[in-house]
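First listed ligand is number 1; within each ligand, the first listed atom is number 1.
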Amino acid sequence: MLKNYYLQKKADVLKEFDTSSNGLSTEQAQANLSKYGKNALVEGKKKTALQVFLEQFKDLMVIILIIAAVISAFTGDVESTLVIIAVLILNAILGTVQHLKAEKSLESLKSLSSPSAKVIRNGKKVEIDSKEVVPGDVMLLEAGDMVTADGRILENYSLQVNESSLTGESTNIDKADIDFDHEIPLGDRLNMVYSGSLVTYGRAEVIVTGTGMNTEIGKIATLMNDTKERRTPLQKSLDKFSSKLATAILIICAIVFALQLWRGQPLMDAMLFAVALAVAAIPEALSSIVTIVQAMGTQKMAKENAIIKNLAAVESLGSVSVICSDKTGTLTQNKMTVEEIYIGGEVLKPEELDLSNQLHRYLLYNAVLNNDSSIANGKVIGDPTESALLEMYRKVPGIDLGEKGLGLSEEDLRGMLTRKQEIPFDSDRKLMSTQHLIHTVPTVFVKGAIDVLLDRCVNIRIGDEVRPMTTEDKEAILAQNNHFSENGLRVLTFAYKESDQELTTEDEKSFTFIGLVAEMDPPRAESVAAVAKAKKAGIRTVMITGDHKVTAVAIAKKIGIFNEGDVAVTGLELDKMTDDELAQEIERIAVYARVSPENKIRIVNAWQSKGHIVSMTGDGVNDAPALKKADIGVAMGITGTEVSKDAASMILADDNFATIIKAVANGRTVFENIKNAIMYLLSGNLSAIITVLFASIGGFSVPFIAVQLLFINLITDSLPALAIGMEPGAPDVLDKKPRDPKVGILSKDLVTKVALQGAIIAVGVITAFMIGRQTSPAVACTMAFTTLTFARLLHGFNCRSQHSIFKIGFKNNWYSLAAFALGTLLLALIMFVPALHGLFAVTPLTGQQLLWIVVLALMPTILIQIVKVINEHRN
Ligand SMILES: Nc1ncnc2c1ncn2[C@@H]1O[C@H](COP(=O)(O)OP(=O)(O)OP(=O)(O)O)[C@@H](O)[C@H]1O
Ligand SMILES: [Ca+2]
């Protein structure tokens with residue numbers, strides 16, 4: 001049973017954990033960590049390795065193989081039976097290992113995106129990995145945070161949380177700092193916050209009362225079902241394909257079997273044919289190869305700062321055709337600096353502000369007090385828009401005089417003029433207000449976007465005089481704002497009023513205008529190149545920002561997002577458009593300014609209804625629905641809220657737009673590689689099927705035995721297939737249009753290629769078989785098997801890319817050569833080590849026969865390469 005902390009008084013809880021609102025000391029935290037353990041949930045019931053192992057046998061393909069093993073035993077080919085059984089067990093072991101590994105790598109990806117928490121340690125606010133949070137910690141929560149431990153509220157500033165993961169209740173709950181004296185259900189415990197819930201509004205300080213499994217969510221521990229293995233669209237379509245294939249195999253086997261019997265062949269031979277056919281057709285390695293290639297792709301992406309949370313995202317990335325990107329921090333550096341200040345009718349630099357000027361003092365007080373950021377040892381905690389204001393304050397002459405002069409540090413100021421009330425900033429309202437006692441006068445400071453705030457100003461302050469704002473004043477302010485914005489500056493409006501009323505959003509009006517502060521946020525150096533690359537790749541980049549339209553367009557022009565003929569719209573204008581109008585305009589809109597999170601959903605919808613695959617970035621708490629709606633929801637690793645990371649399918653570890661483009665390139669490459677590996681495996685299988693069918697229809701002896709085919713399918717074919725999966729992205733991956741999402745992986749083009757390539761290889765194998773028959777059935781079988789193996793090893797080079805080997809060379813994929821060499825070595829062992837002859841049913845061959853094999857195996861590859869070269873010249 002968990003202790004009912006909601007029934008206790010705050011002071012008692014603090015006492016119990018021997019702490020105060022100043023938080024724990026490092027030593028206490030250390031001690032509590034070893035006492036209570038890490039703040040992590042122990043994984044719920046997972047499948048045991050044995051369960052996973054047994055599940056591997058549930059496959060129809062495996063059942064066909066088991067039947068083949070039984071039939072082989074009947075025909076007296078006990079070796080084949082044993083090998084098939086060994087292969088099945090080995091395959092199941094591999095499948096199990098892979099399953100467990102995939103689970104692990106998902107976990108490690110998860111830990112890459114593990115949430116952080118803000119706590120007070122040694123009296124200072126620090127950000128730590130949520131796993132390090134201990135009972136007794138004073139934890140700070142604000143909008144967008146994920147609550148990572150249970151706790152009792154110490155200070156509450158309009159905190160709202162969503163506890164749906166615990167209670168199923170989807171509405172947001174207003175928390176309160178109140179005491180209870182009788183037991184109540186979880187959802188009513190307003191003075192507590194619970195791990196697993198999301199902060200949707202406001203902020204609070206809480207004392208952590210439970211961590212890890214010792215939380216309400218730990219009690220249910222159902223959170224873990226999101227580790228449940230989800231099949232990606234590609235995997236699903238392959239599943240479908242393989243079950244169709246299995247049925248087809250069964251039918252064809254039955255026909256071949258009947259044909260043999262009807263011909264009057266002995267039952268044994270008929271059975272051998274059926275077995276050979278089944279084993280030849282089953283692509284035993286296919287699903288493992290696809291999984292491995294996918295896993296390698298996500299690992300590569302993680303190294304390049306794109307953390308994939310959902311495997312399906314790797315596939316959709318390849319067909320992304322629209323990228324909607326935040327401006328601030330993603331396309332720009334999010335390093336804001338105050339450039340200029342418009343105050344008292346003049347434009348000043350921060351250095352020109354004067355603390356002894358009453359008007360300037362109002363601006364500076366507002367900038368420091370109505371501000372949640374802090375800069376400690378050069379490290380910024382909080383919003384860069386706000387920390388820029390602190391840096392501006394530090395530039396004002398006289399500030400750094402400290403105790404000696406009239407200068408006051410930010411801390412002094414914040415300590416003297418404490419905050420009485422506040423309404424936090426949110427991207428919908430675009431305002432932030434705080435109330436303080438300034439020389440005993442209750443004063444409300446407000447700052448925010450000009451289009452919201454200017455109309456709420458009734459007065460203007462010039463010097464020491466406050467007078468009603470005239471239309472001329474307004475025009476002058478707007479003109480100045482326009483001037484700032486056209487230079488790409490982000491403008492904040494500052495105002496104040498004297499009021500002792502309770503602060504409410506309805507009451508954020510009747511202010512006195514103080515001035516404008518213009519901040520510069522330079523574009524990231526990589527943005528321009530990345531936008532250009534996206535354009536070349538047939539991907540439209542759209543800027544979405546909370547900033548002013550003019551500012552946004554100025555930056556968008558610099559980056560190359562806004563070009564001739566493009567338009568920009570604001571959230572308000574968007575609201576006025578009907579869906580039809582939006583559908584008509586959407587292709588021209590390059591910039592959306594002053595957007596609300598709801599606008600983002602509409603933008604995603606509009607593009608999607610035109611058949612586009614849309615990537616949308618988001619960082620705020622309200623962005624979650626848009627991130628979920630997008631095909632690829634992208635969250636910011638550094639500045640994003642935990643809520644947005646939770647909703648996203650990809651996280652940018654560096655917040656950088658260019659990383660999205662890299663991920664798209666990787667996504668395209670992974671898809672291409674998987675497609676090529678599938679083409680390779682299936683065309684090889686088809687060549688074996690054709691050969692078996694040929695022999696069966698022609699009334700010849702069986703060309704392969706099961707062991708030979710299993711050797712090829714599982715070993716020699718897997719090597720080149722993996723090498724194909726390692727193929728680095730072609731330099732021109734981003735020169736093509738995005739892949740059509742409606743065309744699955746088994747496209748017409750792929751099927752045609754598989755058929756042609758399979759047929760050419762079969763021609764060589766059948767020729768070898770017929771040459772061998774001039775000597776004996778045993779030699780025929782050996783020659784067919786050897787030619788098939790060698791031809792397929794060579795075919796690995798054909799499937800690396802659609803280009804000829806002369807164009808791609810070997811330099812960037814040595815694996816393909818290594819795979820070929822290893823496969824050839826294994827084949828040579830079978831051919832030339834007499835001890836292996838029995839098992840693989842091979843007989844020694846003459847030099848001439850060996851020469852035929854090499855020529856016939858090379859023939860398909862030479863032909864295919866010639867066709868590729870011709871195609872390259874034609875284009
Ligand atoms: N801390 C703040 N206090 C008051 N007003 C702010 C604050 N931060 C931003 N603003 C105002 O709100 C506007 C929108 O800011 P918001 O944070 O929603 O956009 P953004 O997220 O920075 O931009 P983007 O969507 O490109 O990332 C800004 O242009 C500014 O005028
Ligand atoms: Ca934003």
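At under 3.5 Å, a nitrogen or oxygen of Val491, whether backbone or side chain, sits near a nitrogen or oxygen of ligand 1. Residue Gly546 places at least one N or O, backbone or side chain, under 3.5 Å from an N or O of ligand 1. Taking any N or O of Asp619, backbone or side chain, none lies under 3.5 Å from an N or O belonging to ligand 1.
Residue contacts with ligand 1 include Gly448, since one or more of its heavy atoms lies under 4.0 Å from the ligand. Ligand 1 is never approached by Met543 to a heavy-atom distance shorter than 4.0 Å.
Between the side chains of Asn305 and Thr659, not a single donor N or O lies within less than 3.5 Å of an accepting N or O. Side-chain N/O atoms of Asn605 and Lys629 include a donor and acceptor closer than 3.5 Å. When only modelled atom types and interatomic distance are considered, Arg429 and Thr505 share no side-chain donor-acceptor pair under 3.5 Å.
Between Ser387 and Met336 the shortest side-chain heavy-atom distance does not fall below 4.5 Å.
For atom 22 (O) of ligand 1, the nearest non-hydrogen atom from the set His548, Arg490, Lys600 comes from Arg490. When the heavy atoms of Phe425, Phe494, Tyr592 are ranked by distance to atom 10 (N) of ligand 1, first place goes to Phe425.
Contacts between Lys327 and ligand 1 below 4.0 angstrom, taking non-hydrogen atoms only, involve backbone and side chain alike. Looking at Ile544 against ligand 1, only its backbone comes within 4.0 Å, counting heavy atoms.
Using a cutoff of 4.0 Å between basic side-chain nitrogens and carboxylate oxygens, Arg419 and Asp372 are scored as salt-bridged.
Applying the salt bridge (Lys or Arg N to Asp or Glu O under 4.0 Å) rule to pairs touching residues 522-532 yields nothing, sequence neighbours excluded.
Listed by atom number, the atoms of ligand 1 under 4.0 Å from Asp547 heavy atoms are 29 (O).
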